[in-house]
Amino acid sequence: MNNTNSLIPKEFQIEPLTCDEYLVNGVIEKWKGETSEVYSVITTDGKPTLLGTIPDMETDSALNALEAAKNAFNRGQGLWPTMKVGERLKCMETFVKKMKQHREEIVKLLMWEICKNKSDSYKEFDRTVDYIMDTIEAYKNLDRKGAKFDQQGGVYAHIRRGPLGVVLCLGPYNYPLNETFCLLIPAVIMGNTTIFKPAKHGVLLIAPLLKAFQESFPPGVVNILFGRGRKIASPIMKTGFIDVLALIGHSSSAVSLQDQHPNKNRLRLVLGLEAKNPGIILPDADLDHTIKECISGTLSYNGQRCTALKVLYVHESIVDEFNRRFSNAVDQLKFGMPWDDSFLTPLPEPSKPGYIQELISDARAKGAKILNKRGGELSENYSFPAVMYPITEDMNLYHEEQFGPVIPIISYKEIDEPLDAMAASEYGQQVSLFGRDVTKLAPLVDTLANLVCRVNLNSACQRGPDVYPFTGRKNSAVSTLSVYDALRSFSIRTFLASKDTPYNKEILERLLNSDKSNFVSTEYLL
Ligand code: G3H
């Protein structure tokens, strides 16, 4: 679809943004080296739109950022990791206030850089702000639980959670703000220091926040770099000074970065990786409702969600009717520009339409058909969603996480067929189960709960609400993220212990009353 500037509503027209700054050690530095141009696949006057430039940073600067993060942590002795929790929370409150001021520009960049539609872009921003506010409250609650002394077996214990060290944060392009901040914010708030590099797409939208980070946190706590993984992330990992690799993205990047770390036992992992979440449709499922959920599950943001439904198993007794109605519903979906708030929007990775077409061709060559009239219609930045049936194990679409608009459907006779396929799969994030008969549902829920980490009953798979645990089995994740769980994932239990003797008791009392320790405190944060 072509857009000339004049066809784009004025408030969404964009001027190229030069991002020639980065944040290291509390200083916003000017980048004087090479830069990379950032384009949107949305065309203006027939060409991809130039959105701006970002620094293509070199290894030296990346290592300076590591040095800054190391110094700020100072092997646990830095200002930030030893600060009172309440003080760290104040810094985070300052940050979120400043962040809110950039809502409009960040939302506009989300629409242009990753082509997310308007309401989902606003949702991504607002959800991230809510996530930060909820994290602050969750940490207060966690801190209150630790504001006491236990006495067991003749030993007093004051148990809290402490930071882990230096965290390298890398987020994905599909939620460049939300998912990245769901790693960065809990890491920072728990007293770790961080180096953060935005994803390949959805980069410019971080630029407006450099100053907010700089003004809210002590030097070296948050360091922000721009450029390529091989020049930035790899050399940082090779030093062995990263304590936590926090990454949401592809396992190939996660594995290669882990491999570069010379000290594997030191490295902790917080990873959100691939998934191939199935929808299982039982014979008695309400088809109106199921089709609605399957449309949103498979095609919200064009299927570019780790939680998207990426294969549908439909019982053979209803597969023809399901296929007909589902295909019609897909063909009714509106493709357009993000600011039109269309459900389907361009694919931000220039190579994605071609990849989707390859999956379609491979499946067709092996016997599958495109069921919907518009399926696979190709334009310069889009491949219209293709509903493909019947999908078999020899097809790439059966195995690969398509992360885009193509929907494989498999019919089954016995419920063991989808269950065995899930058990054999490399992935184990979530499933959607559609049906009504509780005598059938009950044993299925029992099994599915052991194959994945969230069973969605008559509901599409999703991460939210963010207070619920988000994780996966097998190759889908390491560690758990939720507002509460992320605080645990980025920290470790650590405590003061003292034998219960009159001598120690008197010292402990004085230590507490002195208010001189930031760690030993029974103060209740409200
Ligand atoms: O890309 C994976 C995201 O965590 C999905 O989040 O289910 O809220 O879209 P969502």
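Residue indices begin at 1 and follow the sequence shown. Order of appearance sets the numbers: ligands from 1, and atoms from 1 within every ligand.
Counting the atoms of ligand 1 from 1 in the order shown, those under 4.0 Å from a heavy atom of Thr307 are 2 (C), 5 (C), 6 (O), 7 (O), 9 (O), 10 (P). Under a 4.0 Å criterion applied to the non-hydrogen atoms of Arg463, ligand 1 contributes the atoms 4 (O), 6 (O), 7 (O), 8 (O), 10 (P).
Ring to ring, Phe213 and Phe181 are close: their centroids are under 6.0 angstrom apart. Checked against a 6.0 Å centroid threshold, the rings of Phe12 and Trp112 do not count as neighbours.
With a 4.0 Å heavy-atom cut-off, ligand 1 is reached by the side chain of Asn174 but not by its N, CA, C or O. Using a 4.0 Å cut-off between heavy atoms, Phe470 contacts ligand 1 through its side chain alone, with no backbone atom that close.
The residue from Ala460, Gly464, Cys306, Gly297 that puts a heavy atom closest to atom 1 (O) of ligand 1 is Cys306. Counting only non-hydrogen atoms, the option in Gln430, Gln462, Glu179, Arg305 that gets closest to atom 3 (C) of ligand 1 is Glu179. Comparing Phe403, Tyr173, Tyr175 against atom 10 (P) of ligand 1, the shortest heavy-atom distance belongs to Tyr175. One option in Lys123, Glu124, Arg127 has a heavy atom closer to atom 8 (O) of ligand 1 than any other, and that option is Arg127.
Looking at Arg127 and Glu124, no side-chain N of the basic residue comes within less than 4.0 Å of a carboxylate O on the acidic one, giving no salt bridge.
Remark: the backbone N or O of Val188 is not paired with any side-chain donor or acceptor of Thr193 at under 3.5 angstrom.
Rounded to the nearest 0.5 Å, atoms CD (Gln260) and CZ (Arg230) are 12.0 Å apart.
Contact record, Lys231 with Ala62: O-CB, 4.2 Å, taken as the closest heavy-atom pair.
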